[in-house]
Amino acid sequence: MEIRFSDAEEAFRAEARAWLEANLPCDPRPEIGDLHARRAYDMTWQRRMYDAGWAGISWPAEYGGRGATLMEQLIWYEEYARVGAPDVTTGFVGLKHAGPTLIACGSEAQKAYHLPRILRGDVVWCQGFSEPNAGSDLASLQTRAEVDGDSLVVNGQKIWTSFGHVAEFQELLVRTDPNAPRPHAGITWVICPMDVPGLDIRPIKTLAGNSDFCEVFYDNVRIPLANVVGKLNDGWRVAMATLSFERGTAFMSEQVRLARRLDELVDVAREVAGPHGRRRAVDDDDIARRLALAAAEVEAMRAMTYRSLSLAARTGMPGAEASLIRLFFSELIQRIDALAMDILGPEALCGFDATGATTGEWAERYLTGLSQTIGGGTKEIQRNIIGERVLGLPR
Ligand SMILES: Cc1cc2nc3c(=O)[nH]c(=O)nc-3n(C[C@H](O)[C@H](O)[C@H](O)COP(=O)(O)OP(=O)(O)OC[C@H]3O[C@@H](n4cnc5c(N)ncnc54)[C@H](O)[C@@H]3O)c2cc1C
């Protein structure tokens with residue numbers, strides 16, 4: 001196999017690199033603990049990309065996106081991570097799920113209203129899929145919605161809604177036909193404005209001391225029927241489109257993010273004292289061995305990413321191998337973060353303030369990284385997908 005980019009792709013890389021280097025925000029990004037300030041920062045950055053024609057890199061040009069090929073997207077994300085550009089964070093749901101879902105399944109009116117606002121960084125979206133008793137088994141969701149005139153009336157509860165308290169809109173899954181023969185059949189995907197009467201948003205404090213996700217309660221919340229995406233009771237099909245965007249090629253930039261994180265950790269291991277009286281952590285055999293193994297695994301992840309993307313570029317769609325990469329990434333990043341804790345030793349604990357919130361970068365990465373094997377499909381669910389769809393094992 002020859003891994004090489006074409007001349008046109010190299011030209012695209014040069015253009016992306018030059019723009020990113022010239023336009024990277026200089027001011028420090030607010031901590032996730034100050035979510036309103038983080039939102040303002042993210043949206044300003046999004047607007048700057050929009051004004052220069054870099055917003056919605058994968059979105060079709062007819063909807064205001066860049067319309068980049070898969071290889072160009074890979075190059076963009078590589079350059080993006082290389083200069084340390086900020087993660088989209090609060091813009092994630094709008095740009096990565098809701099926008100692409102509306103493009104695939106929304107009405108013309110929904111596209112015309114929402115897509116430019118998402119791309120410009122005017123609005124934040126959140127995702128209302130999970131419930132206390134419906135996570136991996138999403139089709140068992142119980143939040144009810146009844147048709148009343150030209151509205152849906154929603155009652156129930158969602159949980160783990162990331163950025164719910166700073167969002168304007170939510171992609172909401174509700175049960176509209178409780179008597180449908182199969183649980184998948186009675187579900188509807190609807191756009192819920194987050195300022196409607198009857199909506200109660202309660203932030204949840206996480207292990208790392210932040211409140212970046214919420215519980216959301218619906219008490220007779222009225223949503224216009226015009227906000228239904230697809231048809232009434234056709235929400236499962238729309239939700240599968242949403243999840244395919246979430247899972248499809250979202251891993252593109254992760255290999256570069258991992259490589260950067262590992263480089264930083266090697267620097268730390270050269271600076272801090274090692275165990276057993278070693279002058280530097282990197283001089284310890286076990287730490288050196290684990291760093292070398294992690295470096296090899298990051299390279300393996302890069303090779304898997306390139307292979308999967310070149311396959312997707314030829315066949316036109318991401319395969320179930322995306323689950324392999326997602327699983328490998330989520331477990332590898334946790335190993336790297338755990339190694340950071342071992343290298344820093346008790347010093348890592350200095351990164352907590354009196355309220356228990358993390359102030360140290362590595363401690364925060366370690367604690368928030370524990371969710372990597374849960375969000376976006378748990379590691380067990382990813383293994384099920386690999387077993388059934390990649391290896392063809394019986395269910
Ligand atoms: C950081 C983070 C952000 C999130 N953001 C959002 C959001 O914005 N919106 C939203 O709707 N949700 C969000 N979620 C929720 C996420 O989608 C769910 O946590 C996830 O789907 C798992 O569901 P659950 O937590 O209910 O666990 P459960 O489904 O109850 O699983 C519990 C355990 O049982 C295992 N298990 C379950 N079923 C099977 C099976 N069939 N085979 C083998 N093992 C199984 C699971 O792997 C897990 O270990 C977020 C989660 C995290 C961690």
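Ligands are counted one by one from 1 in listed order, and the atoms in each one are counted from 1 as well.
- Here the two rings, on Trp76 and Tyr80, have centers that are under 6.0 Å apart.
- Annotation: atom 14 (N) of ligand 1 to nearest protein heavy atom, Trp160 CB, 3.5 Å.
- Checked against Phe213 for a side-chain contact (heavy atoms from CB on, under 4.5 Å), the options Ser162, Pro203, Ser371 give a single hit: Ser162.
- Cation-pi contact between Arg48 and Trp45: absent, since separation from the ring centre below 6.0 Å together with deviation from the ring axis within 45° is not met.
- Within the 4.0 Å cut-off (strictly below), a protein heavy atom is located near atom 1 (C) of ligand 1.
- Between Pro30 and Arg38, the closest heavy-atom pair is O-NE, 2.8 Å.
- Protein heavy atom closest to atom 29 (O) of ligand 1, with residue, atom name and distance, is Ser136 OG, 2.6 Å.
- Counting protein heavy atoms only, atom 24 (P) of ligand 1 is closest to Gly135 CA, 3.9 Å.
- Between Ser371 and ligand 1, no pair of N/O atoms sits closer than 3.5 Å.
- For the residues Gly387, Ser130, Gly377, the heavy atom positioned nearest atom 18 (C) of ligand 1 is part of Ser130.
- Where the criterion is an N or O separation shorter than 3.5 Å, residue side chain and backbone included, Asp137 fails it with respect to ligand 1.
- Here the side chains of Glu271 and Arg280 are not in contact, with every heavy-atom distance at 4.5 Å or above.
- With a 4.0 Å cut-off on non-hydrogen atoms, Asn384 touches ligand 1 through its side chain and not its backbone.
- Using a 4.0 Å cut-off to heavy atoms of Ile381, the atoms of ligand 1 that qualify are 38 (N), 39 (C), 40 (C), 41 (N).
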Open item on the list: Applying salt bridge (charged side-chain N to carboxylate O under 4.0 Å, His left out) to Arg257 and Glu264, what does each step give before you reach the verdict?
Closed with: CA-CA 11 Å; Arg257 194 149 68 94; Glu264 286 169 30; over 6 Å; no
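- Trp54 and Phe12 have their aromatic ring centers within a separation under 6.0 angstrom.
- Interface of Thr378 with ligand 1, defined as ligand atoms under 4.0 Å from a residue heavy atom, comprises 22 (C), 46 (C), 47 (O).
- Of the heavy atoms in Phe213, only side-chain atoms (C-beta onward) come closer than 4.0 Å to ligand 1.
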Open item on the list: Between Arg175 and Thr188, does the side-chain hydrogen bond (donor to acceptor under 3.5 Å, both in side chains) criterion hold? Intermediate values first, please.
Closed with: CA-CA 6 Å; Arg175 183 162 299 286; Thr188 297; over 6 Å; no
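- For atom 20 (C) of ligand 1, the closest non-hydrogen atom on the protein side is Ile374 O, 3.8 Å.
- Put simply, atom 11 (O) of ligand 1 has protein non-hydrogen atoms near it, under 4.0 Å away.
- Contact annotation for atom 34 (O) of ligand 1: protein absent (non-hydrogen atoms, distance under 4.0 Å).
- In terms of polar-atom proximity, defined here as any N/O pair under 3.5 Å, Glu380 does make such a contact with ligand 1.
- Evaluation of the side-chain hydrogen bond (donor to acceptor under 3.5 Å, both in side chains) rule for Asp87 yields no partner, not counting sequence neighbours.
- When the heavy-atom distances from atom 4 (C) of ligand 1 to Gly164, Ser162, Gly128 are ranked, the shortest goes to Ser162.
- The salt bridge (Lys or Arg N to Asp or Glu O under 4.0 Å) contacts involving residues 148-170 comprise Arg39-Glu168, Glu131-Lys158, Asp148-Arg222, where partners must be two or more places apart or lie in separate chains.
- Closest protein heavy atom to atom 51 (C) of ligand 1: Gly375 CA, 3.8 Å.
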